[in-house]
Amino acid sequence: MKPSENEMIQRLKKAEPPAYPDFEAMWQRIGHAGVEAAASSKEAVGTAGFQVSGASSQQGSGAEASGREAVRLLKKPRSLRRGLVIAAAIALVAATPVFAYQLDWVHLLNGRSGIQSALAQGMGQKMEKSAVQDGAIFTIHTAVVDDNRTVLLYSLAPAGGEDGYLSFSDMRLTDSKGKAIEGSYSMRGWDEASHSYRGYFETEWTPEQLVDQVDFSASGASFISNAAIPIELDLTSDSIQRFNLDQDGMGKLEVQLFKQNGDEVLLSSALSFTDETVKGYAFPELTIKSGDSLVKTSRSGTFGKPGPNGEYTMLQYFKLSDLTSSDFTYSLSYAREEGQIDGGWSIPLELDKQQMLSGTIKRDVQVPIDLQQNSFKIDQIVITPTQIRLTTSHEQKYMQYPFQNYKLDVGGTLLEGYLWGGSEPYNNAIRFERPQGLVISEQTPITLIQSYEVTTHTDKDAVIHLSDIKEEKQYMTTEVGGYPVKWTYYRKGSDVFIQNESDDKTFGGVNQTFRGKGRDSVPSEILTANFSGDGINSSTEVYRNYEGDSLDLSIYYYTTDAPDKELRTPLLP
């Protein structure tokens, strides 16, 4: 429960068993940086087949959100690759579409105010370079390149016009030395004015020199439409409900309902695929409707975490009070591929960041952030016309930073930022979009504000003894780290389900339990979606195929929350 993306990367790379092998919860936090960046714009989000969806973005299902032209971020699209090879013969187009530089990118760049600001000031590097594949024209219109990131604005005009929504299996840059530069891409639906699909490619990579030669490539273009399969779901049953879909590459769907504390219910689903390539673009999601109205989820859930047998799993939360209508209909909504463009596009580019230097300030600050746990250091501030980046370092490999929220006070203007956890074991970055009109000079005071501290603790003496396990729910209370924790447990078939929670809101929650000792220990399977700093300290776990009537459990770690804790650190001047 509640580890960070850096912790996940660390554990997946290590050959030896980790100290806290919470692989289930790691999937709940994957794509952290990309998700937080997109969440600020209240848009639907997807990350390489794994999604985190919040109630704020639930305007429809994952597929239906596309229908409302919601921006979908596909983090590291190479993981969606389906083996499509870029065609050898690609014709470069000299002609520039008349609409090219007049496109309105404002809606597409929602949540990227720094890029909007640069474009408004005429700071984007005009490209207008195109390539053709199967009659489809792919055009790079503008590049925004500074010392913090590289963003390319593009469009694709297919020969046959609009055909659903568009996605790619691969999009990347290749530098002059042949090294692949990956990033994320964002797409918008069909734009009638320009008769094209539009999007942008973003990477934190930036050229080392002022002018650099790169190659842009995109392949595996698929046209996607919204689809749904009706299912007969029974919300009064807490047994596993199975549905044989056998449609559009999807096989068996299993759904189980868990009543949570208060006015909430969890729908835990697992979907198997008869065609594994469908995982790359389907983004399946259970949807509940009352008449024509969609029932919104009550809080964040997760989509795409691999199940025990490689299933695509979904965790969705709803309010019980919203599920009282008698005319509910249920369906599995998803994106269906309608067609492809074979091959791909390759466009050589000359990136030039000289234009952005006038608004760039770099300062080595070496400011320590001294904390009781997990101290780190702010090494450098890089201020560009589009973004403010704080580079950080720490001594513990893949360390989890304790504070959950980051703001930057820039001369009295507050900017909200996010922790950008990369693959470097001893470094991270905290990034802030620079809004239009924000003037920053060498004398502008800048202060980092961190809030909502989450601290990790161990309690090796905490042993939870569950006795007389049966189908009837049993209850008990123990202490974990001095905090009272209530346990509810029961059997359903050969599986033992366990719920834990605490009335003390300072207690952040038990991350995960395990049975046995040492190399013979067996971790639980976590069924709930919990995130650091979400204020929820309850979770549900299951031990599959356990026939005993008693069970001794230990915990890997627990957390404590300090939502009112705030730390202000002056950085400049």
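We're numbering straight along the sequence, starting at 1.
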Assess whether side chain to side chain contact (heavy atoms under 4.5 Å, CB included) is satisfied between N374 and Q396, documenting all intermediate values.
-> CA-CA 8 Å; N374 295 352; Q396 179 184 336; 3.5 Å; yes
Give the C-alpha distance, both sets of side-chain angles, the deciding distance and a yes or no for side chain to side chain contact (heavy atoms under 4.5 Å, CB included) between I369 and Q450.
-> CA-CA 10 Å; I369 307 295; Q450 303 178 78; 3.6 Å; yes
Working for salt bridge (charged side-chain N to carboxylate O under 4.0 Å, His left out), residues E525 and K305 = CA-CA 12 Å; E525 178 186 333; K305 182 190 71 164; over 6 Å; no
Decide side chain to side chain contact (heavy atoms under 4.5 Å, CB included) for D215 and L349; before the verdict, give the C-alpha distance in whole Å, the side-chain angles of both, and the deciding distance to 0.1 Å.
-> CA-CA 6 Å; D215 286 308; L349 302 173; over 6 Å; no
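With sequence neighbours excluded, the residues that form a side chain to side chain contact (heavy atoms under 4.5 Å, CB included) with E350 are V211, Q213. With sequence neighbours excluded, the residues that form a side chain to side chain contact (heavy atoms under 4.5 Å, CB included) with F514 are S521, S554, Y556. S441 is linked by a side chain to side chain contact (heavy atoms under 4.5 Å, CB included) to Q443, T444, counting only residues two or more places apart in sequence or in another chain. Qualifying side chain to side chain donor-acceptor pair (under 3.5 Å) partners for S502, counting only residues two or more places apart in sequence or in other chains: none.
Side-chain atoms of T456 and Q400 form no donor-acceptor pair, as typed in the model, at a separation below 3.5 Å. In summary, the side chains of T392 and Y401 do present a donor paired with an acceptor at a separation below 3.5 Å, with no hydrogens or angles considered. Side-chain contact, D561 with Y452: a donor N or O sits under 3.5 Å from an acceptor N or O.
Closest approach of M187 to Y197, counting heavy atoms only: CE-CB, 3.9 Å. The two residues A131 and W345 have their closest heavy-atom pair at O-CD1, 3.3 Å. Annotation for F531 and G301: closest pair CZ-O, 4.3 Å, computed over non-hydrogen atoms. Taking each heavy atom of V454 and G533 in turn, the nearest pair found is CG2-N, 3.9 Å. When every heavy atom of F432 is checked against every heavy atom of K407, the shortest pair comes out as CE2-C, 3.6 Å. Annotation for I446 and I383: closest pair CD1-CD1, 3.7 Å, computed over non-hydrogen atoms.
Note: F507 and Y558 meet the aromatic proximity criterion, with ring centroids under 6.0 Å apart. Aromatic ring centres of Y185 and Y154 lie farther apart than the 6.0 Å criterion allows.
Around CD of Q354, the count of heavy atoms belonging to other residues, nucleotides or ligands within 6.0 Å exceeds 12. Surrounding CD of E208 are at most 12 heavy atoms belonging to other residues, nucleotides or ligands under 6.0 Å away. Within a 6.0 Å sphere centred on CD of E416, heavy atoms belonging to other residues, nucleotides or ligands number 12 at most.
Looking at E204 and R389, no side-chain N of the basic residue comes within less than 4.0 Å of a carboxylate O on the acidic one, giving no salt bridge. With respect to K353 and D147, a salt bridge is recorded, a charged nitrogen being found less than 4.0 Å from a carboxylate O.
Between the S375 side chain and the L371 main chain, a donor and an acceptor come within less than 3.5 Å of each other.
In this structure, CD1 on I181 lies 4.0 Å from CH2 on W205, to the nearest 0.5 angstrom. Distance check: F376 CZ to E395 CD gives 13.0 Å after rounding to the nearest 0.5 Å.
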Side-chain donor-acceptor pairs under 3.5 Å in residues 359-367, sequence neighbours left out?
residue : atom : partner : partner atom : Å
T360    : OG1  : M356    : O            : 2.8
R363    : NE   : E442    : OE1          : 3.3
R363    : NH2  : E442    : OE1          : 2.3
R363    : NH2  : E442    : OE2          : 2.7
D364    : OD1  : Q380    : NE2          : 3.2
Q366    : OE1  : K377    : NZ           : 3.1
Q366    : NE2  : D379    : O            : 3.3

Could you list the donor-acceptor pairs under 3.5 angstrom formed between side-chain atoms of residues 564-573 and any protein atom two or more places apart in sequence or on another chain?
residue : atom : partner : partner atom : Å
K565    : NZ   : E453    : OE1          : 2.8
E566    : OE2  : R568    : NE           : 3.1

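Among T528, N530, T513, N500, the single residue meeting the side-chain hydrogen bond (donor to acceptor under 3.5 Å, both in side chains) criterion with S539 is N500.
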